[in-house]
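The structure under discussion appears below in the form of structure tokens.
Chain letters run A, B, ... following the sequence lines, proteins first, then strands; residues in each count from 1.
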There are 2 protein chains.
Amino acid sequence: MDIQNLIDNTFKKYGLKKTIFRKELFKLFYDSLNSLSAKEISKQFSSSTDKASIYRALDSFEKSGLIHQVPDKNNLLRYSLCKSECKPNNHAHDHAHFLCSVCEETFCLDDFKLPSAKSHNGFLINHLKIIMEGTCVRCKSI
Amino acid sequence: MDIQNLIDNTFKKYGLKKTIFRKELFKLFYDSLNSLSAKEISKQFSSSTDKASIYRALDSFEKSGLIHQVPDKNNLLRYSLCKSECKPNNHAHDHAHFLCSVCEETFCLDDFKLPSAKSHNGFLINHLKIIMEGTCVRCKSI
DNA sequence: TTAGTAACGCAAATGAGTTGCACTTATATA
DNA sequence: TATATAAGTGCAACTCATTTGCGTTACTAA
Ligand SMILES: [Mn+2]
Ligand SMILES: [Mn+2]
Ligand SMILES: [Zn+2]
Ligand SMILES: [Zn+2]
């Protein structure tokens, strides 16, 4: 599915209007190898673009299954594009996330297998997250 | 090592003064099965205890290896007592954390084994965290 | 006992994220 | 193509966790 179809299909499906800002925002994620925070997004738009609009757009994108929250060094809200297996209101992520301590970026490691335990010592596990910290490929080879 | 020795040794080692508040705060963690946030701590003390003091105490306790940060549902700062394997400025945690979606508390699962991968697809892994979400033992049996 | 400094209390600041509201614009359909 | 509806926008004000500055207090070590 190419970017235009993805926007058309999903935006229509969820009653999201294809505004200039939201289309640009989606492209930002689409073209970005790593994740984005509200502040980083803000820098990519003119100063008249309000942070409230950014936060609201991120929120609806997430609910629509276009982007998913990823961990951030400083506990900020941070998002990455979802792969096709993600359904709206039902993100089907089973990948680990990697925080690079050099460039401070967050990467989705789409093929890192998560443990599949369903319970442990009486604790019932619904969902499991793995967050790794270290040096990313790019920074390693610099 | 009992609580008095632990306080004496560690506080002395790091030039931490044994003030009434800090001794009480440490006991709070010592007696607590689960984790504590600044707000929860605040409720346990008289209103004259300032939140700045709480945050500063938590910070030095963490630096001294007495407590460690644990994940929180709402991205708040939240801490748990460290077990003896923890060194100051060098927390040696190798356990998973569990967030109960019923009681919203965070638990340390000290014996949940973490994957030991040192690298993945060229990413060098220094440290790995596992955060699980579900229903805790206590809430399950209610 | 006393000097030195960690810790304290209070108040003000910071900064991410949220909310209310009036205005604008995309979309659907007549 | 005109119009109605509802989603999205911009702005300002707000919330709330955490931080910081500063003058005072109280441990600790000598
Ligand atoms: Mn991801
Ligand atoms: Mn723990
Ligand atoms: Zn990097
Ligand atoms: Zn529970």
Return the value, rounded to whole Å, for the distance between atom [atom1] of [X] and atom [atom2] of [N].
X	N	atom1	atom2	result
A:Phe11	D:dG8	CZ	P	9 Å
A:Leu36	C:dA16	CG	P	16 Å
A:Asp59	C:dT19	CG	P	10 Å
A:Lys63	D:dG8	NZ	P	11 Å
A:Glu40	C:dG15	CD	P	16 Å
A:Lys13	D:dA7	NZ	P	18 Å
A:Lys18	C:dA28	NZ	C1'	13 Å
B:Lys12	D:dC27	NZ	C1'	12 Å

Kindly determine whether A:Tyr14 and A:Lys63 satisfy side-chain contact (heavy atoms from CB on, under 4.5 Å), including the steps that lead there. CA-CA 9 Å; A:Tyr14 285 92; A:Lys63 290 205 174 72; over 6 Å; no
Is B:Lys17 side chain donor-acceptor paired with the C:dT5 base, going by distance under 3.5 Å alone? yes
Ignoring backbone atoms, test whether [X] places a side-chain nitrogen or oxygen under 4.0 Å from the OP1 or OP2 oxygen of [N].
X	N	value
B:Tyr55	D:dT18	yes
B:Lys39	D:dA17	yes
B:Ser53	C:dA7	no

So for atom NZ, which belongs to B:Lys73, do other residues, nucleotides or ligands contribute more than 12 heavy atoms lying within a distance under 6.0 Å? yes
To the nearest 0.5 Å, what is the distance between CG on B:Asn34 and CZ on B:Arg78? 8.0 Å
Hey, does [X] reach any base, or is it just sugar-phosphate, or nothing, if we go heavy atoms under 4.0 Å?
X	value
A:Lys51	base
A:Arg56	base
B:Ala52	base
B:Ser60	nothing

With a 4.5 Å limit on heavy-atom distance, are the side chains of B:Thr49 and B:Glu24 in contact? no
Between D:dG10, C:dC10, D:dG8, spot the one nearest the side chain of A:Leu16, thanks. D:dG8
Side-chain heavy atoms nearer than 4.5 Å, only ILVMFWY residues, links allowed to pass through others: does that put A:Ile130 and B:Phe107 together? yes
Relative to the 5' end of DNA chain D, which residue comes earlier, B:Arg78 or A:Ser48, by the nucleotide with the nearest heavy atom? A:Ser48
